[in-house]
Amino acid sequence: MSTSNSTYLSFEQAINKLEYYCAYQERCHKDVINKMYDLKIAKQMHDAIIVHLIEHNFLNEERFALSFARGKHRISSWGKNRIVTELKIRNISNYLITKALKELDDQMYYSTLEKIALQRWNNLTDTNLDKKKAKIMAYLIRKGYEYELVQDMISYLLKLEQE
């Protein structure tokens, strides 16, 4: 009976697996470190592997942060607050977070907010306007949009409803 829990990879095997892992999609340092633990790579090799991945441009936190912010906004319609929170969870520096947020075009940001707000507003079946406003506010705040923008959007939606 063999135990697969004690499988240790050589340095070259670990490098190959992690190069493939990083080439597949952008990763941050935290993702790579977690993957090394999952692969049961000896802790003594972690620093050398990270250095190798950075030197060979497989791992780049700035590229990750920029890609993450663009993708999460474009694909998942996340607001800035949610993106910032998720990047902080991944131990991305404040400098890189600020730089990543600059990737979000203001025009696109507002149009995305309007699109998801209108879609959600039209899907809500509540007849009580206060409940409907509370639900749309909670939804947009969860998505990570700023409170002031959400308030403005709700005012806009109410105007549309009255027309």
Side-chain angles (χ1 to χ4, degrees), residues 15 17-39 46-47 49-126 128-163:
I15 289 288
K17 282 188 181 281
L18 289 166
E19 281 179 352
Y20 179 78
Y21 179 69
C22 292
Y24 179 71
Q25 89 181 33
E26 291 297 335
R27 310 287 181 176
C28 65
H29 287 53
K30 187 175 180 180
D31 292 340
V32 172
I33 290 168
N34 289 339
K35 184 69 171 175
M36 286 192 280
Y37 281 112
D38 290 347
L39 293 172
H46 285 200
D47 289 340
I49 291 170
I50 294 285
V51 168
H52 171 85
L53 294 173
I54 291 170
E55 285 176 349
H56 291 87
N57 212 18
F58 284 98
L59 189 59
N60 183 323
E61 292 252 297
E62 180 177 351
R63 196 173 61 212
F64 169 79
L66 298 177
S67 173
F68 184 88
R70 280 190 313 265
K72 290 300 182 184
H73 178 68
R74 191 172 41 84
I75 296 166
S76 302
S77 302
W78 285 5
K80 291 179 181 177
N81 291 341
R82 177 102 183 251
I83 292 169
V84 167
T85 302
E86 293 293 328
L87 287 172
K88 283 183 179 181
I89 288 170
R90 289 166 174 78
N91 300 327
I92 305 298
S93 71
N94 287 332
Y95 169 75
L96 290 179
I97 291 173
T98 303
K99 194 169 183 177
L101 291 179
K102 288 179 184 171
E103 286 286 300
L104 304 178
D105 176 54
D106 285 342
Q107 174 108 24
M108 181 183 70
Y109 189 74
Y110 297 123
S111 68
T112 302
L113 171 60
E114 182 180 3
K115 182 182 105 188
I116 66 170
L118 273 169
Q119 188 176 5
R120 184 67 172 196
W121 184 262
N122 292 330
N123 287 341
L124 291 173
T125 57
D126 287 314
N128 183 335
L129 202 55
D130 288 333
K131 280 186 179 180
K132 197 171 182 177
K133 285 183 349 187
K135 283 183 179 182
I136 192 80
M137 177 173 281
Y139 173 74
L140 294 173
I141 296 292
R142 264 194 322 275
K143 280 288 208 176
Y145 288 94
E146 298 84 340
Y147 183 77
E148 296 79 23
L149 290 177
V150 171
Q151 288 286 86
D152 293 343
M153 185 54 61
I154 289 173
S155 298
Y156 171 72
L157 293 170
L158 290 171
K159 283 180 190 173
L160 287 178
E161 181 113 342
Q162 292 171 354
E163 291 178 358

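The shown structure was predicted, so the numbers you read here are calculated from the model rather than taken from an experiment.
Two residues are said to be in side-chain contact when any heavy atoms from C-beta on lie closer than 4.5 Å; His29 and Ile50 meet this criterion. Counting heavy atoms from C-beta outward, Thr112 and Tyr145 have side chains that approach closer than 4.5 Å. Side-chain contact between Ile89 and Lys30 is present, with heavy atoms from C-beta onward closer than 4.5 Å. Asp31 has its side chain within reach of Phe64: a pair of non-hydrogen atoms, C-beta onward, lies under 4.5 Å apart.
Checking side-chain atoms of Tyr109 against main-chain N and O of His73 turns up no donor-acceptor pair under 3.5 Å.
To the nearest 0.5 angstrom, Ile136 atom CD1 is 10.5 Å from Leu158 atom CG.
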**Message:** Evaluate Asn57 against Arg63 for side chain to side chain contact (heavy atoms under 4.5 Å, CB included), listing each step before the verdict.
**Reply:** CA-CA 10 Å; Asn57 212 18; Arg63 196 173 61 212; 3.1 Å; yes

**Request:** Give the intermediate values and the outcome of ring-ring contact (aromatic ring centres under 6.0 Å, His included) for residues Phe58 and Tyr21.
**Result:** CA-CA 9 Å; Phe58 284 98; Tyr21 179 69; over 10 Å; no

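The salt bridge (Lys or Arg N to Asp or Glu O under 4.0 Å) check on Lys135 picks up Asp126, with sequence neighbours excluded. With sequence neighbours excluded, the residues satisfying side chain to side chain donor-acceptor pair (under 3.5 Å) with His52 are Glu19, His56. Qualifying side chain to side chain donor-acceptor pair (under 3.5 Å) partners for Arg70, counting only residues two or more places apart in sequence or in other chains: Glu103. Listed by chain and residue number, Glu86 satisfy the side chain to side chain donor-acceptor pair (under 3.5 Å) test with Arg90 (two or more places apart in sequence, or in another chain). Partners of Tyr156 by side chain to side chain donor-acceptor pair (under 3.5 Å), not counting sequence neighbours, listed by chain and number: Glu114.
The number of heavy atoms from other shown groups lying within 6.0 Å of CG (Asp47) does not exceed 12. Applying the 6.0 Å contact sphere to NZ of Lys80 captures more than 12 heavy atoms from other residues, nucleotides or ligands.
Each salt bridge (charged side-chain N to carboxylate O under 4.0 Å, His left out) pair with one or both residues in residues 140-157, not counting sequence neighbours, would appear here, but there are none.
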